[in-house]
Each structure stands twice: as structure tokens, then as C-alpha cells.
Enquirer: 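For reference, the structure I am asking about is given below.
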Amino acid sequence: MQSIRKRWTAVSRLLTVVALTAVTGLSQAAPFVFTAIPDQDERRLTERFGRIADYLSQELGVEVQYIPVKSYPAAVSAFRNNQVQLAWFGGLTGVQARNLVPGSEAIAQGAEDTAFKSYLIAHSSTGLEASTELSDALKGKTFTFGSKGSTSGRLMPEFYLRQHFNQAPEDLFAKVGFSGDHSRTIALVQSGAFDLGVVNYSVWEEELKAGQVDPSKVKVIWETPTYPDYQWSIRADVDANYGEGFKEKVRQALLNMQDPKLLEAFPRSAFVPASNADYAPIEQTAISIGIMDEVK
């Protein structure tokens, strides 16, 4: 009799699990995962993008997770390997990632990303002042880019430097470095470790507002012409894995994001529609100066 009761108890528990699974089916689905290029301090990014994950979970009806990555190439690799299905990329990393995952799409960009720009910054010891033109006084200085895969911290500034001086950075400057991210570039130039650097204008303004920039030690001396930059890119197979129309739901959730506290994570004023075609100039520029393969 006791054996029969044990069997009935086991069956009852199994039926309970089955019932709960049916009721909470969404929680059993694989999480929808996204990442972002590490253009700033990782701790701050994790805190900010955690709020974005919560927002997307509510809007999409599935569990959404944010995972940090250590480098720009790591963000591209995570997208290629389906470790993440959505990513907040820079212009160059977005192009590279979509080339590696056929059918993937840029679905939204910041309102500011349609006309982005970079700042050339200089340590006060150089004596350089703000100008609308690149000066020959830059020659022979020490210089740092951000990440090798950065659009605003490497690709576009390098293009404009080459265009103006008709020289590669290695020939133009006494020493060329790669800091890894924009915040680090600012810190290196501010400390005097490098005379010059190039940074994302948005990060510069944010760091300045946060009191992380000492204007007596480092200043903006030139800004690039504008170009398209950051965007959300999504893998082609999300509808197959998360249900018909899921990609469009993600797009609309991003475009409908209006809470200033959420938008501060980027920071952007709003998101607007984007397409792969918007980033053709970035791909052409990367090919023209021979760095397209460096972030593969």
C-alpha cells in the first residue's frame, strides 16, 4: 500500500511540473541575449544595460539577458557564434558582424547616429588650440586611437588623417597606440601619456559632464565631418527561434523606447529606423584604408 502511495505521489509531482511548464511556457524558452561593444568602463555598461534587458523582457514577453564582452572583436564573435542574437554595435563592428552572419540586419540607430563625429583631443603641453583645420603641428606627436575596431575611435579619424596628410598614422606620428576604449583614451591624453587622441564625441561630452575631464589638461582641438555610426543589429534566425514576427517586435520595442533613464545607457535622445544600406559608406571606408579584415 505504501509503495502504491509513493508511486501516486511521484505521478502527482510529475503532473504538477508538466502543468507549470504549460502555464509558464515563456520561461522555458531560451533567453534572448544581447551585448554591446565595450566603448566605456565595463562596470557602468553592465549596470546601464541591465535596465535595457528588463525593458526588453517586458516588451517582448521573453527572458532577455545582457552579457558584457571584453573587446570589440569579442562582440563580433559573440554575434557570429549565436551567443547573442542582438548587439549594439559601432558602425564598423556592425558591418563586420552582419557580413559574417548572412541575412542579419541593422534595425535601429540612435537619432544622433545618422550624423556622428569624433573629436581630436590634445594634452595642454602641446600648446595646440582648437581649429577647423588639421594642422601640420600634429606631425611628430604621440597619438592614440581607441579600439582597433572602433568607428569613431579609429576608422573615421584615420580616414580623415590619411586624406589630409596623405600619410599613414605610423608615418605621421612619433608613436601610435590603441587604448581599447574612449574613456581610456581620454585618461591617457589627460595624463600626458599621449600628446593626442581621438574619441567618440558622445563619450567625451558624457565624461566632461561627469567631471572626468580636466579642461586645464586636455581639450578638443578638431572635430571630424559627420558619418553614420552606432546601431542595433539582429541575427537573421530570430523569427525561427523565437516566433514569427519576433524581429519586428524587437525593432518596435527599440523605436518605442522613450524613458530618458533608459536612453541614458547609450546615451541617445531616441532610436530611429536603420538599414544595412545606411552603413555602406562605413564598409567602403574600411576597405579603402585596408582595415576591414582587422576585426574579423
Enquirer: Do Val218 and Trp204 have side-chain heavy atoms sitting under 4.5 Å apart?
Expert: yes
Enquirer: Sequence neighbours excluded, which residues qualify as side chain to side chain donor-acceptor pair (under 3.5 Å) partners of Gln65?
Expert: Glu63
Enquirer: So does Glu133 have more than 12 non-hydrogen atoms from other groups sitting under 6.0 Å from CD?
Expert: no
Enquirer: Side chains of Ser202 and Phe266, heavy atoms from C-beta outward: is any pair under 4.5 Å?
Expert: no
Enquirer: Do the side-chain N and O atoms of Glu205 and Tyr119 include a donor-acceptor pair separated by under 3.5 angstrom?
Expert: yes
Enquirer: Identify, with sequence neighbours excluded, every residue that meets side-chain contact (heavy atoms from CB on, under 4.5 Å) alongside Lys219.
Expert: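 Applying side-chain contact (heavy atoms from CB on, under 4.5 Å) to Lys219 gives Glu129, Ile221.
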Enquirer: Could you work out, with salt bridge (Lys or Arg N to Asp or Glu O under 4.0 Å) as the rule, every residue matching Glu223, not counting sequence neighbours?
Expert: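 By the salt bridge (Lys or Arg N to Asp or Glu O under 4.0 Å) rule, Glu223 matches Lys117.
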Enquirer: Does Ser118 form a side chain to side chain donor-acceptor pair (under 3.5 Å) with Tyr160? I'd like the steps, not just the answer.
Expert: CA-CA 11 Å; Ser118 303; Tyr160 291 118; over 6 Å; no
Enquirer: With sequence neighbours excluded, tell me which residues meet side chain to side chain donor-acceptor pair (under 3.5 Å) with Glu283.
Expert: Asn99
Enquirer: Where do Gln85 and Pro31 come nearest, in terms of heavy atoms and distance?
Expert: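 The answer is OE1-O, 3.8 Å.
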Enquirer: How close do Ile282 and Pro228 get, counting heavy atoms only, and between which atoms?
Expert: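 The answer is CD1-O, 3.3 Å.
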Enquirer: Is a side-chain donor or acceptor of Asn200 paired with a backbone partner of Ser152 at a separation under 3.5 angstrom?
Expert: no
Enquirer: Do Phe271 and Trp232 touch side chain to side chain, with heavy atoms closer than 4.5 Å?
Expert: yes
Enquirer: Using the salt bridge (Lys or Arg N to Asp or Glu O under 4.0 Å) criterion, which residues pair with Asp54? Sequence neighbours excluded.
Expert: none
Enquirer: On a heavy-atom basis, which atom in Thr144 and which in Ser179 lie closest, and how many Å separate them?
Expert: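 Here Thr144 and Ser179 meet closest at OG1-N, 3.4 Å.
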Enquirer: At their closest point, which heavy atom of Ser147 faces which heavy atom of Gly180, and how far apart are they?
Expert: CB-O, 3.5 Å
Enquirer: Residues two or more places apart in sequence or in another chain: which of them pass side chain to side chain donor-acceptor pair (under 3.5 Å) with Asn256?
Expert: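 Expected list: none.
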Enquirer: I'd like to check Glu248 versus Asp239 (side-chain heavy atoms, cut-off strictly below 4.5 Å). Are they in contact?
Expert: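 The answer is no, as the side chains (C-beta and beyond) never meet within the 4.5 Å cut-off.
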Enquirer: Where is the tightest heavy-atom contact between Gly90 and Thr151, given as atom of each residue plus distance?
Expert: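 For Gly90 versus Thr151, the nearest heavy atoms are C-OG1, 3.8 Å.
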Enquirer: Quick check on Asn81: does its CG atom have over 12 non-hydrogen neighbours (other residues, nucleotides or ligands) under 6.0 Å away?
Expert: yes
Enquirer: Would you say the rings of Phe143 and Phe178 are close, in the sense that their centroids are separated by under 6.0 Å?
Expert: no
Enquirer: For residues 186-198, please give each side-chain donor-acceptor pair under 3.5 Å, one per line with the distance, not counting sequence neighbours.
Expert:
residue, atom, partner, partner atom, Å
Gln190, OE1, Asp214, N, 2.6
Ser191, OG, Ala187, O, 3.3
Ser191, OG, Leu188, O, 2.9
Ser191, OG, Ala193, N, 3.3
Asp195, OD2, Thr142, N, 2.9
Asp195, OD2, Thr142, OG1, 3.1

Enquirer: Does the side chain of Phe32 come within less than 4.5 Å of Val238's, by heavy atoms?
Expert: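 In short, these two side chains touch, coming nearer than 4.5 Å.
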Enquirer: For Gln167, what residues pass the side-chain contact (heavy atoms from CB on, under 4.5 Å) criterion, not counting sequence neighbours?
Expert: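 With sequence neighbours excluded, Gln167 shows a side-chain contact (heavy atoms from CB on, under 4.5 Å) to Lys139, Phe165, Asp171, Leu172, given in chain and number order.
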Enquirer: Any side-chain donor paired with an acceptor under 3.5 Å for Gln109 and Tyr279?
Expert: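 Present: a donor and an acceptor within the cut-off.
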Enquirer: Got Asp181 and Pro38 here, is their nearest side-chain heavy-atom distance under 4.5 Å?
Expert: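 Side chain of Asp181 against side chain of Pro38, heavy atoms only: no contact under 4.5 Å found.
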Enquirer: Distance under 6.0 Å and angle within 45° of the ring axis: does Lys141 meet both against Phe173?
Expert: no
Enquirer: Would you say Tyr227 and Val272 are hydrophobically clustered, going by side-chain heavy atoms of ILVMFWY under 4.5 Å?
Expert: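 No, separate clusters.
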Enquirer: Would you say the side chain of Gln83 lies within less than 4.5 Å of the side chain of Val33, judging by non-hydrogen atoms?
Expert: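 The answer is no, as the side chains (C-beta and beyond) never meet within the 4.5 Å cut-off.
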Enquirer: Could you point out which residue of Tyr72, Phe34, Phe79 forms a ring-ring contact (aromatic ring centres under 6.0 Å, His included) with Phe89?
Expert: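 When ring-ring contact (aromatic ring centres under 6.0 Å, His included) is applied between Phe89 and each of Tyr72, Phe34, Phe79, only Phe79 qualifies.
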Enquirer: Among all residues two or more places apart in sequence or in another chain, which pass the side chain to side chain donor-acceptor pair (under 3.5 Å) test with Gln231?
Expert: Arg98, Ser233
Enquirer: Below 4.0 angstrom, N of the basic side chain to O of the carboxylate: do Glu105 and Lys247 qualify?
Expert: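 A salt bridge is present here (some side-chain N lies under 4.0 Å from a carboxylate O).
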Enquirer: Considering only residues two or more places apart or on different chains, which pairs with a residue in residues 258-269 satisfy side-chain hydrogen bond (donor to acceptor under 3.5 Å, both in side chains)?
Expert: Glu112-Ser269, Asp113-Arg268
Enquirer: Test of understanding: with side-chain contact (heavy atoms from CB on, under 4.5 Å), list the residues that count as partners of Pro260, not counting sequence neighbours.
Expert: none
Enquirer: Could you pull out the closest heavy-atom pair between Ala236 and Pro102, with the gap in Å?
Expert: CB-O, 3.6 Å
Enquirer: What pairs with Arg51 under salt bridge (Lys or Arg N to Asp or Glu O under 4.0 Å), at least two apart in sequence or on another chain?
Expert: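 Counting only residues at least two positions away or on another chain, Arg51 forms no salt bridge (Lys or Arg N to Asp or Glu O under 4.0 Å).
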Enquirer: Compare all side-chain heavy atoms of Leu86 with those of Arg235 and state whether any distance is below 4.5 angstrom.
Expert: no
